[in-house]
Amino acid sequence: MSDKVLKKYKIVFLGDQGVGKTSLITRFMYDTFDDQYQATIGIDFLSKTMYLEDNKTIRLQLWDTAGQERFRSLIPSYIRDSNVAIICYDITSKKSFENLEKWINEVKLERGEDVIIVIVGNKSDLNNKRQVKFEELQELSNKNKVEIYLETSTKINHNVKLLFKKIAKSLPDFKQDEVQPETIDINIDNKPQESSCC
Amino acid sequence: MSNMNLTVNHNRSESGYSNNYSLLEMYGASDEEDKEEIDDHHQFDNVMEEIRANSLSSFVTPLNSQTIPKILSSDYDRYGFKKASLHQTITRKEYNEWFTDYSEYSLERMKKWKDLVNSSGIKYDDIPTRFPPKSDKTKKLIRRGIPSEWRGNAWFFYAGGYERLNKHVGVYDKIVKDTIGVKNKDTEAIERDLNRTFPDNIHFNNLPKDSKSVKDPKDIQDNDINNKPMIKSLRRVLVAFSHYQPQIGYCQSLNFLAGLLLLFMNEERAFWMLVILTERILPKVHSRDLDGVHIDQGVLMLCFKEYIPQLWNILGKNFEGEVISEDKILTKLPPVTLVTSSWFMSVFVGIIPIEAVLRIWDILWYEGSKTLFRFSLTICKYCLDNKTFKAKNDNDSGNTEFEQIEIFQFMQSYPKSLIDPNKIVDLCFKKIGGYGFGSISQDEINKCRIFVSKQRDKMKKKSLITNISEDERKMLNNDEIHDIYGFNRSIMNGVKWNNNISNKMKKRFSRKTSK
């Protein structure tokens, strides 16, 4: 590592149970795939240094989350301060697609417009079981002003690299030559216990 | 509408914990469920046959001079788990090195157990069904590990499984019968987790039989996995449980608990063990609002502060790097609970290597829930004592969110390398050369749980009464999203905290220790 402070970004992975969040992270982190991953309980923390074109390096902190609804009670706390929220669904599950807006709303509620929302339709290799058309993804993304959306297959390694490339390019102040990670507002001013309620 | 949800949830959690659960009461109320049109009788006979067939088979390879070399040459351990863990935290070679010693140790343990059982006048053929009464000697032996061949029976015995089973003869079969073909939110969630419970275990997944060759995904149909007897058992236990305990339903992590139990006992017994665990050992931890998670994490944080103050200095901070002051521990549980919550929910399954999990389970069924706190403290302190952790902390001081997360990553990955269970048990209990956490009593934990729970109730009440805007009230009712972990704003506002939490706790602790 150089003496330059690495620019760090926090990315949370959201979406219904079993849509492939862990699988997507594993493909990105280790470039491997298994048919089944153990269900994630709570949150798994991972990080990866990404080397980009023109010699830039960034550090990504990935938050892998449990998809079941009751675990959602943890969500507001971890969406806070995230730079990117990757919301995943399974193209073979209409229901996981229908729940996307719930996830989008929860992210917006917590982060307003300060977060890059990305929608990923996973398991695109299972085309014969497809329940969600790509056009539906386009429509939903346009409606919610989501700019980065695509279908991936972690199994056949389709679009995963592209996904993270796109994300890296859209990160705030990516082009600046920074020494201090000042743009990440980890030291936000409001102290929750003191802020007034209305 | 949203207010109604809150009330319903509340009632559910109130009603759930009675021992004399009436099936009629339960099934009378299950009108939301669709029941598929099927030939119930025929299907039930088939299912019962399956249950009986499964109850005869054992999933644990017994240890003897013939089996040990076989286990050593296999890719899988004696429970069917892959020896080499994910991302090679532990390699097959490392596993075998450890197992060569540990199998000797286990054989020696078996001798000790046979001696104790014989000297207690217990007669048995192959595996005892009754075990020596509780005593210092038994406790000592339990802490050194129950032989895996006997584990299922011993767990069931010490957890009070027989009492439970004898009071509810035939109830499991009845629930299974009544839930055939039932579909609801819980069963859907269960279906999605069945194949994601132990994907690296041959009993739960179709894995290549001991070859270096990589499995070709095309060779294996999903249907095959679903036809595995173990997966069918797991489904029945989880579905039955979700119906028997509607205030819990299905919560992710219950699949790990049921799955591990099923490797050691038949499904009826696994079912009752799950009931005992969620009622007595981890009350409300898996409930729909995860209330028990918050309570137990509050207790754990108080234990951190009390017993490992140097760790509290590092982890007792919020993401802004501020140390969480004494009066705010319960309102603002520190982010580290994002790591430790799952330790409780899964009772360490998937957190540390399997043999260490089993050793903790041995102790848990015998000694109770304090075991979870003792071992959570042990694992944390073990992380703290590691050089990498120290280095991280010296450099970073954990003052920003990113630095804290790096610490959390370490706390999640490092315990996975704890291959020797004797190490962690010794660290936990030994006063010299260990941390001596055996001094934390169940009484202390019980009192602390009640205390934290009462504080939470007060907090909830106050936050509901004090001026919350209509929007915030809506948000609160909507899955109580702000309720856990206390990072968030609205629910915490207007709450005047009792400044004496820590003092009170200290008094309690000192009263206890001075006795």
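Chain A is the first sequence line, chain B the second, and so forth, proteins listed ahead of strands; every chain is numbered from 1.
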Rounded to the nearest 0.5 Å, how far does [atom2] of [Y] lie from [atom1] of [X]?
X	Y	atom1	atom2	value
A/Asp35	B/Asn205	CG	CG	7.5 Å
B/Leu338	A/Trp63	CG	CH2	6.0 Å
B/Gln412	A/Asp44	CD	CG	5.0 Å
A/Phe71	B/Ser342	CZ	OG	8.5 Å

Minimum side-chain heavy-atom gap [X]-[Y] below 4.5 Å:
X	Y	answer
B/Glu401	A/Asp81	yes
B/Phe256	A/Ile41	yes
A/Lys95	B/Glu188	yes
A/Ser47	B/Phe402	no
B/Arg196	A/Gln36	yes

Inset, instruction - Taking heavy atoms only and a threshold strictly under 4.5 Å, list by residue number the residues of residues 345-352 of chain B that touch chain A; give 'none' if the list is empty. - result: B/Met345, B/Ser346, B/Gly350

If you count the non-hydrogen atoms of other residues, nucleotides and ligands that lie under 6.0 Å from [atom1] in [X], is the total more than 12?
X	atom1	answer
A/Glu113	CD	no
A/Gln138	CD	yes
A/Lys94	NZ	yes
A/Asn128	CG	yes

Might you point out which heavy atoms bring [X] and [Y] nearest each other, and give the distance in Å?
X	Y	result
B/Leu290	A/Arg70	CD1-O, 3.6 Å
B/Gln252	A/Gly67	OE1-N, 3.8 Å
B/Gln409	A/Leu46	NE2-C, 3.3 Å

Legend entry - Proximal component of A/Thr40, with respect to chain B [non-hydrogen, under 4.5 Å]: backbone

Legend entry - Sequence-distant partners of B/Tyr250, ring pair (Phe, Tyr, Trp, His ring centres under 6.0 Å), two or more places apart: none

Inset, instruction - Quick one: which residue pairs count as a ring pair (Phe, Tyr, Trp, His ring centres under 6.0 Å) with a foot in residues 14-33 of chain A, not counting sequence neighbours? - result: A/Phe28-A/Phe164, A/Tyr30-B/His87

Inset, instruction - Taking A/Gln17 for its side chain and B/Arg192 for its backbone only, find out whether a donor-acceptor pair lies under 3.5 Å. - result: no

Inset, instruction - Please check if the side chain of A/Gln38 supplies one atom and the backbone of B/Phe198 the other of a donor-acceptor pair under 3.5 Å. - result: no

Inset, instruction - Report the C-alpha separation of B/Phe408 and A/Ile43 in whole Å, then their side-chain angles, then the decisive distance to 0.1 Å, and conclude whether the side-chain contact (heavy atoms from CB on, under 4.5 Å) test is met. - result: CA-CA 10 Å; B/Phe408 296 168; A/Ile43 299 175; over 6 Å; no

Inset, instruction - Would you check, one step at a time, whether the test salt bridge (Lys or Arg N to Asp or Glu O under 4.0 Å) holds for A/Glu69 with B/Lys185? - result: CA-CA 10 Å; A/Glu69 201 171 337; B/Lys185 233 180 170 181; 2.7 Å; yes

Inset, instruction - Please report the C-alpha distance between A/Arg59 and B/Glu406 in whole Å, then the side-chain angles of each, then the deciding distance to 0.1 Å, and finally whether the salt bridge (Lys or Arg N to Asp or Glu O under 4.0 Å) criterion is met. - result: CA-CA 11 Å; A/Arg59 182 96 169 145; B/Glu406 301 266 331; 3.6 Å; yes

Inset, instruction - Go through the structure and list residues passing side chain to side chain donor-acceptor pair (under 3.5 Å) with A/Lys102, not counting sequence neighbours. - result: none

